[in-house]
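We're numbering straight along the sequence, starting at 1.
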Amino acid sequence: MKDITDRLPILCGSGPAWIPLPYRSTFTLRSFCTMALISFEDLDGLDEQLDDDATDNPEPMDEEEEERLYAHWQSVASTHQVSVPTEMRGPIQEMTRQNQQQETVPFTPISEHKKMGEAVYEERVYPAGKWACVTRSEKLYEQSISMAFMKLMRYICKENSLGRYLGMTVPVLSEFRMLDDGSFTKEVLTVYYLPAEFQESPPKPTDPDIHIVHREPLRVVTRVFFGTTTEETITRQINLLWEALGSTDSLHRDVYIVAAYQNPGVPCRRNEIWFIRQDP
């Protein structure tokens, strides 16, 4: 599977956010992406400038560059009704400098189902492994994801027992439950897969809200979609995948996962909706 790399690190939120960094609720971009506040041209141009500044110049950013980057993240986060605290400046800069180095969570492809030559959904198995996990119960789904990933971001960027940058992995997953009436429960679990070098001995988080958990193998049916990840857009993707799959009792209907691959500042960013097999 091709490794997907952002021009900026994942923010979290509607996604992932990978705030996801590894997630926004409003925005108008192109035909099928609906979002607001920042135009496509503004975001695209700013992303390119920030990326060039970060990757072409390995030296620490000057004050103007730092302010520009922080303002960009604040603009994205505000669409989720979240504010980025000043202590996030360091992690934001670190992940921006490291944004070309991402590790894909390992998996085994099982099958791919196409319609008229295009993939509709595919099935994969993800092996058991260690994940850093945060649970949040904010008013909005995208707020929960944003707050959770900011915590994970700090863990990744030195707030750990090793005191070093651990490396980014994609996708960042957000797991939630759906009630019978179609609404989401407030509790959202956001998880980050530990890079391969730390799977045997994960660095300990300094934040007590972050837990290192060994998760069992996971067999999922996945469907790609692009844009924001809010309750509205996710519900639509869930319905579309059920429509494609038809009647089946082998998948969970009360718990779902959103996989975020790209920074929420990326227009029409890539995500996946995951259905979980009851018997992996």
Side-chain angles (χ1 to χ4, degrees), residues 6 10-40 42-43 73-84 120-121 134-150 170-191 220-246 251-276:
D6 299 343
I10 299 177
L11 240 190
C12 175
S14 337
W18 287 72
I19 329 176
L21 249 178
Y23 314 150
R24 173 168 40 192
S25 57
T26 58
F27 213 52
T28 33
L29 292 174
R30 296 202 173 160
S31 55
F32 61 95
C33 289
T34 54
M35 304 180 220
L37 297 185
I38 307 174
S39 71
F40 177 91
D42 289 343
L43 254 184
W73 281 56
Q74 280 285 27
S75 295
V76 173
S78 68
T79 66
H80 303 276
Q81 301 182 42
V82 168
S83 177
V84 180
V120 178
Y121 61 90
V134 179
T135 300
R136 300 289 296 192
S137 301
E138 307 299 329
K139 182 178 179 180
L140 299 176
Y141 168 87
E142 47 266 44
Q143 288 176 324
S144 292
I145 302 239
S146 296
M147 299 302 290
F149 196 76
M150 280 195 280
V170 293
V172 169
L173 308 182
S174 297
E175 182 177 309
F176 61 93
R177 291 187 175 274
M178 181 176 279
L179 302 175
D180 291 340
D181 64 1
S183 63
F184 292 12
T185 59
K186 294 300 180 185
E187 188 173 275
V188 180
L189 174 68
T190 301
V191 300
V220 295
V221 175
T222 77
R223 181 179 189 275
V224 175
F225 68 100
F226 296 88
T228 57
T229 53
T230 65
E231 284 196 33
E232 181 181 359
T233 59
I234 292 169
T235 299
R236 180 172 182 273
Q237 295 303 323
I238 289 172
N239 292 336
L240 288 172
L241 185 50
W242 277 123
E243 185 179 307
L245 290 168
L251 298 166
H252 286 282
R253 288 182 173 270
D254 60 341
V255 59
Y256 299 94
I257 294 174
V258 173
Y261 287 83
Q262 293 175 290
N263 166 21
V266 174
C268 298
R269 64 188 176 276
R270 179 194 173 197
N271 312 284
E272 291 174 345
I273 186 71
W274 289 8
F275 287 9
I276 305 170

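In this structure, the separation between CZ on F275 and CD on Q237 is 9.5 Å, given to the nearest 0.5 Å. T233 OG1 to N271 CG: the interatomic distance, rounded to the nearest 0.5 Å, is 8.0 Å. Note that the CE atom of M150 and the OG1 atom of T190 stand 11.5 Å from one another [nearest 0.5 Å]. Atom CD of residue Q143 and atom OG of residue S137 lie 12.0 Å apart, to the nearest 0.5 angstrom. Summarising the geometry, atom CG belonging to L140 is positioned 6.5 Å from atom NZ belonging to K186; distances are rounded to the nearest 0.5 Å.
Under the 4.5 Å side-chain criterion, counting only non-hydrogen atoms from C-beta, F176 is not in contact with S144. Two residues are said to be in side-chain contact when any heavy atoms from C-beta on lie closer than 4.5 Å; M178 and T235 meet this criterion. Considering only heavy atoms from C-beta on, E138 stays 4.5 Å or farther from V82 through its side chain. Taking the side chain as every heavy atom from C-beta outward, I234 and F184 approach each other to under 4.5 Å. Two residues are said to be in side-chain contact when any heavy atoms from C-beta on lie closer than 4.5 Å; Y256 and L241 fail this criterion. Counting heavy atoms from C-beta outward, E175 and W274 have side chains that stay 4.5 Å or more apart.
Taking every heavy atom of both residues into account, T135 and L189 meet most closely at OG1-CD1, 3.4 Å. When every heavy atom of V255 is checked against every heavy atom of R177, the shortest pair comes out as CB-NH1, 4.0 Å. Across S78 and S75, no two heavy atoms sit closer than the pair OG-O, 2.7 Å. Nearest approach of E272 to Y261, heavy atoms of both residues: OE1-OH, 3.0 Å. Between Y121 and V221 the shortest heavy-atom distance is CD1-CG1, 3.6 Å.
The neighbour count for E187 CD, taken as heavy atoms of other residues, nucleotides or ligands under 6.0 Å away, does not exceed 12.
In this structure, E142 contributes its side chain and T230 its backbone to no donor-acceptor pair below 3.5 Å.
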